[in-house]
Amino acid sequence: MTAATAVGFLRTVPPHSGGIDVVFFRVTAETGPPPTKPTGWERFSGGRVTVHDVGCGHHQMLDAAHVADICTELSTLLARR
């Protein structure tokens, strides 16, 4: 699937009202403008969007140290449920 196809698909998905929470892992070490809150996800989830910053660039998200950070955050969030 191309990025254009994926974006087109997302634009046709009706908003979700089921209250599904989303955890958004946001990179903070990319060049360019500072990251913003991913507000578009509320429309699709109908719930809260929690942002967790990861101190790396996009292509480093799956490096072991960053995966460990992501897993720790997910474990913490799931333990609260």
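Both backbone and side-chain heavy atoms feed into the values below; hydrogens, waters and symmetry mates do not.
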Hydrophobic cluster mates of V67, side-chain heavy atoms under 4.5 angstrom, ILVMFWY only, any path?
L62

Give the table of side-chain donor-acceptor pairs shorter than 3.5 Å for residues 50-58, with sequence neighbours excluded, one pair per line with atom names and distance.
residue, atom, partner, partner atom, Å
H52, ND1, E73, OE1, 3.4
H52, NE2, D69, OD2, 3.3
D53, OD1, R26, NE, 2.6
D53, OD1, R26, NH2, 2.8
D53, OD2, R26, NH2, 3.3

In the single-linkage hydrophobic clustering (I, L, V, M, F, W, Y; side-chain heavy atoms under 4.5 Å), do V49 and M61 co-cluster?
no

Looking only at heavy atoms, which two atoms of E42 and K37 are closest? And how far apart?
OE2-NZ, 3.7 Å

Tell me, do F25 and V23 make a side-chain contact under 4.5 Å, heavy atoms counted?
yes

Using the side-chain hydrogen bond (donor to acceptor under 3.5 Å, both in side chains) criterion, which residues pair with D63? Sequence neighbours excluded.
none

same_hphob_cluster(V22, I70) at 4.5 Å side-chain heavy-atom cutoff
no

